Amino acid sequence: MKKALGILLVCGAVASCEAGGVKTFYVSPKGDDDASGSWWRPFATFGRAQEAVRQAREAESFSRIEVLFKGGVYPLDAPILLQPAHGGTADCPVAYRARRGEQPVFTGGRAITGWREDPDGVWRVTLPEVREGKWDFAQLFVNGERRFRPRLPKEGYFTSVENFEKNDKGINGFIFKDKDIDPAWANLADIEFHVLHIWSASRMRAASVEPGTNVVRFPQTRAYNSYWSDFKNRRYWAENVKEAFGAPGEWYLDKPTGTLSYMPLPGERLAGARIEAPVLSQLLILQGFDNQPVAHLTLEGLVFRQSQWVTPPTGNFVPQGEMNIPAAVEVVCARDVLIRRCAFTQLGGYAMAFGPGAHSNTVEHCLMTDLGAGGVKIGPPYVGYRMAEAPKNPLTPDAPDGLAKTTSAITVSDCRITGGGRIHPAAHGVWVGHSSHNRIVHNEISDLYYTAVSLGWVWGYAEPSRAHHNEVAFNHMHRIGQGVLSDMGGVYTLGVSPGTTVHGNRIHDIHAYDYGGWGLYTDEGSTGIRMYNNLVYNVKTGGFHQHYGRENVIENNIFANSLKDQIQRTRDEEHISFFFRNNLVYWDNDGILLGKNWKSGLRGEKDGKPTQHYELGPNLYWHASGKQDIFPGQKTLQQWQAETGQDAGSHVADPLFEDPASGDFRLKPGSPAAKVGFIPFDTAAVGPRDPSRLPRLPSRPVPTMYP
């Protein structure tokens, strides 16, 4: 009887202990880690459950092991660390999932209690850990919503004047306009200057503010001194200014005294208010070894909430994509991992990152919202705290690296990524670096301040390239840029990328601050990419733009209503940069058809080399006014064809869209589109399939600091 009872206590049910059976453990916030993990005696923590999985794998043979979490909040004192022993095998996969109808929340945040309401209406509390230097935070959440620190100016931006001590090593500060910054501001070292460059942003601290010269000196030289990263005539604001505190919804942490102050919004009451701040930078780490990956593991229906990010004492800047910002969930050396129907919210950085040794993993039907940075990073550069290199198994330190250092075959599908860039505006929805065979399909990506999907991390034609055979398909990308940064795209590519395809996407409302705001953007050496069956409309600078690259194919797309140029081409090189054919181009505004550099389109040879460096046609072009002189130099199609030999087989005619003003680009009967070889495609078959499987969005939009 004791033996049978022992089996019952360890396994939870005798039936589940039979060889080849299913083993199930249960976890509840009200459980006990000294319990058996049964349905009626659940564990209390993720850590205890994963240890039970390890023990079960060692002790018995099962066909499947699962851990079921009851709904509620599970505070984390440290990131959950899943290693190979906590995963499964092809014969015995392991799943950590929510119980049906439940929502388990794993949080890196801490509830702040002990508040008082002072006569001035401000809620205040003293935090000894802050005063003693043991805790610092830069995010606060009130009743589940992000709140922001006081800033100046209250609306809009200051504009800097010039760099200070710009040299070959970097920049040591910037010069500001009179009265924008007060050298007497309290806690100067805690103030952050949030500077918007062109496609990147800085968060800098001050070593000093000098009256008279109007100089903000940085604690150390900030690397990068190029025009695109400098401080001349840049928009910025000063954040975390104590003297600016007082508007409803603002909070201020006075670190020398440990006093946290919050000015409530109208209608907020201290009684029953839930106020939280993060304590952890990462919430979950899947960490295998270079010869022993975490494998055959599923995470389903779990919520990961509140991760930390605090500006370093010397400030923060990275040239592109906020690549140095960690993710709440990081995956290293893992195979056949499925992350399904999970939610990631109220984060200080990215939601997820797949690093060295991550192969054949899938993220599907997940919600990523209220993000300090972006959604998903795939491949190097490895920037998380644990992703400097693929970790070796200490038991076999001499194991060959093989493919362990690479990242490939990651699928992100049917997800909703929205409300990003709340701390780091230059972050991407999905970023793919030195990584191949990835699929970004059927996602909705919106409400970001930079690019939706970025592929590649090589500027120019350097080979071999690891960013190849990637697919971006059937995604809905919209509300990107929003006038904050410049030089961006719905889909942005870099470098040599053979086998990469971008197709079936619906891309609209891409708006840059200055130049940029393209739908499809092949930048810096993009090569061997095919873009087809995409619908791009209501963008700022062009439906398609190629800076420079080689032999990209842009075919069977619809480009409509770019505000400036419909199609752009910049750098000329002595090869075919792209083939642009079977496309429909339509606009009803004052923009022009072909912007920037189209001078090298003449067919022929010079010094034995072709003079034609791009190829247009056949395409269908139409301005809603019906005007015909739409080609460079106000030429008609016939004049353009005669002078350049371009656009053979092209037509200028109304494509007969159903209702382009409302975003309906279906073709009416009798459309001349077929004359240029255009094949209709379903412009509505984008975004998540079966969206009812997605976690629910918050009822209100994610708050933002950007005007």
Side-chain angles (χ1 to χ4, degrees), residues 64 66-69 71 80 82 87-88 93-106 283-284 286 294 296-305 327-331 334-347 350-354 358 360-371 374-378 409-420 428-432 438-448 452-453 470-478 504-506 682 684-699 702:
R64 187 172 76 249
E66 63 179 8
V67 177
L68 299 181
F69 292 90
I80 299 165
L82 292 174
V94 172
Y96 300 84
R97 55 169 53 99
R99 294 177 63 178
R100 182 172 296 181
E102 302 277 357
Q103 189 179 71
V105 177
F106 300 90
L283 307 182
L284 172 66
L286 278 70
V294 177
H296 300 286
L297 182 149
T298 295
L299 300 167
E300 184 171 9
L302 311 180
V303 178
F304 296 92
R305 188 180 75 190
V329 176
E330 294 194 342
V331 182
R335 312 283 198 278
D336 299 301
V337 170
L338 172 61
I339 303 175
R340 172 193 289 155
R341 300 185 63 204
C342 292
F344 308 85
T345 185
Q346 300 178 4
L347 306 179
Y350 276 85
M352 281 183 277
F354 290 85
S360 303
N361 302 313
T362 299
V363 180
E364 68 176 32
H365 282 102
C366 288
L367 170 65
M368 301 168 224
T369 187
D370 198 348
L371 309 170
V376 182
K377 296 187 295 183
I378 299 173
I410 308 300
T411 296
V412 180
S413 74
D414 302 283
C415 294
R416 181 172 285 133
I417 303 171
T418 187
H428 303 83
V430 178
W431 175 86
V432 180
N438 302 291
R439 302 181 68 241
I440 315 301
V441 296
H442 279 287
N443 303 287
E444 181 183 6
I445 304 173
S446 66
D447 190 7
L448 299 172
V453 177
N470 291 306
E471 179 184 18
V472 180
F474 304 110
N475 301 285
H476 185 195
M477 310 175 200
H478 59 105
N505 301 285
R506 187 182 188 105
D682 186 355
V686 297
R689 296 161 292 191
D690 193 2
S692 64
R693 300 180 64 193
L694 280 160
R696 290 184 181 179
L697 273 169
S699 58
V702 178

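All figures in this text were calculated on a predicted structure; none of them were measured in a lab.
When all heavy atoms are compared, the tightest approach of N438 to I410 is OD1-N, 2.8 Å. The shortest non-hydrogen separation linking I445 to A452 is CG2-CB, 3.9 Å. Smallest separation of non-hydrogen atoms from I80 and F106: CD1-CD2, 4.2 Å. When all heavy atoms of F344 and L371 are compared, the closest pair comes out as O-CD2, 4.0 Å. In this structure, C342 and L299 approach most closely via the heavy-atom pair SG-O, 3.6 Å. Annotation for V441 and N475: closest pair C-OD1, 3.5 Å, computed over non-hydrogen atoms.
Side-chain contact between T418 and E444: absent, with no pair of heavy atoms (C-beta onward) separated by less than 4.5 Å. Side-chain contact check for L68 versus R97: some heavy-atom pair is nearer than 4.5 Å.
For E300, the CD atom sits in a packed shell: over 12 heavy atoms of surrounding residues, nucleotides or ligands are nearer than 6.0 Å.
Between the side chain of N443 and the main chain of C415, a donor-acceptor pair closer than 3.5 Å is present. At distances below 3.5 Å, not a single donor-acceptor pair connects side-chain atoms of N470 with backbone N or O atoms of V432. Distance alone, capped at 3.5 Å, places no donor-acceptor pair between the T369 side chain and the T345 backbone. Side chain of H365 to backbone of S692: no donor-acceptor contact under 3.5 angstrom is found. Side-chain atoms of Y350 come within 3.5 Å of backbone N or O of H428 as a donor-acceptor pair. Looking at R341, its side chain does come within 3.5 Å of a backbone N or O of R693 through a donor-acceptor pair.
When each of V412, V376, V331 is tested with M352 by the rule side-chain contact (heavy atoms from CB on, under 4.5 Å), just one qualifies, namely V376.
The line from CZ of R696 to CG of L367 is 12.5 Å long, rounded to the nearest 0.5 Å. Of the inter-residue distances, the one linking D447 atom CG with R416 atom CZ reads 12.5 Å to the nearest 0.5 angstrom. Between the CZ atom of F304 and the CD1 atom of I339 there is a distance of 8.0 Å, given to the nearest 0.5 Å. Note that OG of S446 and NE2 of H478 are 4.0 Å apart. Values are rounded to the nearest 0.5 Å. The CZ atom of R340 lies 12.0 Å from the CG atom of L302; values are rounded to the nearest 0.5 Å. Atom CZ of R99 and atom CD of E66 lie 11.0 Å apart (nearest 0.5 Å).
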- Message: Before you tell me yes or no, could you show the steps for D414 and L694 under side-chain contact (heavy atoms from CB on, under 4.5 Å), namely the whole-Å CA-CA distance, both residues' side-chain angles and the distance that decides it to 0.1 Å?
- Response: CA-CA 8 Å; D414 302 283; L694 280 160; over 6 Å; no
- Message: Quick one, L338 with E364, criterion side-chain contact (heavy atoms from CB on, under 4.5 Å). Give me CA distance, side-chain angles, the key distance, then yes/no.
- Response: CA-CA 8 Å; L338 172 61; E364 68 176 32; 4.0 Å; yes
- Message: Between I440 and I378, is the side-chain contact (heavy atoms from CB on, under 4.5 Å) condition met? List the steps.
- Response: CA-CA 11 Å; I440 315 301; I378 299 173; 4.1 Å; yes
